[in-house]
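Data first, discussion second: the structure below is written as structure tokens.
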Amino acid sequence: MSSHASNSPPIAIIGAGPSGLTLARLLEVKNIPYIVFDRDVSPDAARGGGSLDLGPGSGQMALSEAGLFDKFKPLARYQDQAFRILDKQADLVWAKPNEESDDRPEIDRKALRRMLLESIPQERVKWDARVKSLKREADSSMAVQLANGNVETGFKLVVGADGGWSKARDMITPVKPRYTGLCYLQGNIHTTNEFHSTVCSRVGPGAYMALGDGNNLYVQRQGNGSYQIFAGGRFPEGWWRTNQERFRSLQFREQLIADRYSDWSSQITDLIRYSDGFDYVWALYETPSESVPWEHVPGVTLVGDAAHLTGPNGEGVNIALYDSLQLAQEIEQAGVGNLDDAVRKYEKKMFPRALEHIAAGEEGVRMFFAEDAAENFKNNAGAIFESGEV
Ligand SMILES: Cc1cc2nc3c(=O)[nH]c(=O)nc-3n(C[C@H](O)[C@H](O)[C@H](O)COP(=O)(O)OP(=O)(O)OC[C@H]3O[C@@H](n4cnc5c(N)ncnc54)[C@H](O)[C@@H]3O)c2cc1C
């Protein structure tokens with residue numbers, strides 16, 4: 001085990017996901033030193049998750065402030081903003097066509113990560129650096145303990161941008177994320193798949209979601225023209241941990257269809273059957289509303305999913321980027337000598353947003369997985385989308 005303290009920058013960021021790298025870039029342009037730790041062995045490590053839509057007043061605003069909007073625009077898919085909702089018979093329930101005025105373009109998760117990484121010096125990110133815990137030193141600085149036994153010391157502030165299972169959160173609250181009872185099985189229909197051209201005509205640009213009986217199927221075009229499919233429904237906690245290879249098999253897909261989609265139109269179930277199989281499970285957890293506001297803890301704070309993990313409500317990444325924007329602004333204003341003031345101001349502004357986001361996540365889960373979800377959207381979609389609940 002070794003310990004490194006000399007020349008530690010004042011700020012450590014745990015997590016090179018959307019929120020951590022956005023914060024890193026914002027600190028970079030403000031000339032504030034930092035270091036990022038991520039558990040992934042490399043920037044291209046396989047990870048679930050497809051396309052993300054960035055909103056103008058949040059995600060896009062953070063990228064603009066980071067001086068990255070010109071790099072974002074060519075990667076952003078303005079042509080993929082159409083969204084349709086179908087019932088289990090594949091009848092259209094609600095549709096939002098792609099309109100020129102739409103301003104929530106999609107970007108692939110990997111493309112976003114790459115763009116952010118290219119905007120900061122490589123040596124600012126330590127890969128294969130899984131954080132185990134944080135510790136306060138006798139001089140009240142913070143130490144980061146890595147799973148490989150190394151300890152990095154001497155930080156004035158550690159920012160947990162390490163997602164739903166944040167290790168930094170353990171310093172702040174004993175409250176753990178709770179399982180919603182729901183999972184998305186994520187799979188692909190690659191451009192090389194014989195069925196791909198049928199999917200292009202069935203789904204087209206953007207995304208569609210078929211809903212019914214407490215299950216759903218979300219299908220979304222990606223930047224390279226392939227499609228990702230997400231089959232969502234109720235599963236017992238932990239069922240995904242055993243024998244994950246089976247998710248890729250045709251037998252598993254047939255069983256899933258038989259168990260959950262047996263009376264659904266083949267227009268929908270074909271997308272599962274002829275896909276290239278499932279390769280990732282998103283178990284949906286959420287931080288309960290009692291996790292915020294937390295009592296301020298000097299030397300540590302949280303952004304993004306680490307601060308407020310929710311079920312899908314279409315805003316997770318946007319709020320994550322906005323948290324980083326707000327924290328970077330407060331740090332710049334207060335100065336590195338007053339990081340505690342900056343964090344207190346950031347947290348005060350973030351808490352109400354986190355609570356709203358958690359409530360919207362609970363509502364999203366309720367709506368998309370309700371037995372009568374399609375019926376509900378048929379009758380109320382206009383009001384639901386205008387209210388910003390999803
Ligand atoms: C199925 C699904 C679909 C979604 N679709 C959308 C969408 O369309 N729009 C949207 O806005 N949001 C969406 N979200 C939510 C969105 O993905 C998250 O809100 C967003 O990724 C949060 O970013 P983050 O940087 O805070 O956390 P993460 O994206 O979770 O990044 C955390 C980073 O920390 C690293 N890390 C974790 N633990 C450690 C550790 N111990 N040590 C070191 N590093 C660590 C990870 O490797 C990762 O790089 C979706 C989520 C799911 C589950």
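None of these values were measured; they are calculated from a predicted model. Indexing begins at 1, ligand by ligand and atom by atom, following the structure's order.
Between Phe235 and Tyr184, the gap from one ring centroid to the other reaches at least 6.0 Å. Between Phe351 and Trp294, the ring center distance clears the sub-6.0 Å criterion. Checked against a 6.0 Å centroid threshold, the rings of Phe195 and Tyr274 count as neighbours.
Atom-to-atom distance recorded for Phe368:CZ and Leu211:CG is 7.0 Å, nearest 0.5 angstrom. Note that CZ of Arg130 and CG of Leu146 are 11.0 Å apart. Values are rounded to the nearest 0.5 Å. Summarising the geometry, atom CD belonging to Gln60 is positioned 10.0 Å from atom CD1 belonging to Ile107; distances are rounded to the nearest 0.5 Å.
Among Asp323, Val131, Asp53, the residue whose heavy atom sits closest to atom 41 (N) of ligand 1 is Val131.
Using a 4.0 Å cutoff on heavy atoms, Pro312 does not count as a contact of ligand 1. Contact annotation: Arg113 has at least one heavy atom less than 4.0 Å from an atom of ligand 1. For the pair Arg109 and ligand 1, a heavy-atom separation below 4.0 Å is found. For Ala129, the closest heavy-atom approach to ligand 1 falls below 4.0 Å. Between Gly59 and ligand 1 there is no heavy-atom distance shorter than 4.0 Å.
Residue Glu356 places its CD atom among 12 or fewer non-hydrogen atoms of other residues, nucleotides or ligands, all under 6.0 Å distant.
Here the rule is ring-ring contact (aromatic ring centres under 6.0 Å, His included) with Phe247, and of Phe252, Phe278, Trp240, Tyr280 only Phe252 fits it.
Remark: ligand 1 and Trp282 share no N or O pair separated by less than 3.5 Å (distance only, no angle test). Annotation: Asp38 places an N or O atom under 3.5 Å from an N or O atom of ligand 1; distance criterion only. Geometrically, ligand 1 and Gly316 share a nitrogen or oxygen pair separated by less than 3.5 Å. For ligand 1, one of its N or O atoms has an N or O atom of Pro18 under 3.5 Å away. Among the atoms of Gly164, none of the N or O lies under 3.5 angstrom from an N or O of ligand 1. Residue Ser19 has at least one nitrogen or oxygen atom sitting less than 3.5 Å from a nitrogen or oxygen atom of ligand 1, judged on distance alone.
When non-hydrogen atoms are compared, ligand 1 lies under 4.0 Å from neither the backbone nor the side chain of Ser166. Heavy atoms of Arg39 found under 4.0 angstrom from ligand 1 belong to the backbone as well as the side chain.
Contact atoms of ligand 1 toward Ala161: 32 (C), 33 (C), 34 (O) (distance under 4.0 Å to a heavy atom of the residue). Those atoms of ligand 1 with a heavy atom of Ser51 less than 4.0 angstrom away are 8 (O). Of all the atoms in ligand 1, the ones that sit under 4.0 Å from a non-hydrogen atom of Leu52 are 6 (C), 7 (C), 9 (N), 10 (C), 12 (N), 13 (C). For ligand 1, the atoms closer than 4.0 angstrom to any heavy atom of Lys167 are 41 (N). When each atom of ligand 1 is checked for a heavy atom of Gly304 under 4.0 Å away, the hits are 26 (O). Short contacts between ligand 1 and Ala16, defined as distances under 4.0 Å to a heavy atom of the residue, involve ligand atoms 49 (O).
One side chain, Arg353 or Gln326, offers a donor N or O that lies under 3.5 Å from an acceptor on the other.
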Point to revise | Audit row: His296, Asp340, side chain to side chain donor-acceptor pair (under 3.5 Å) steps and yes/no | key: CA-CA 9 Å; His296 172 72; Asp340 203 51; 2.7 Å; yes

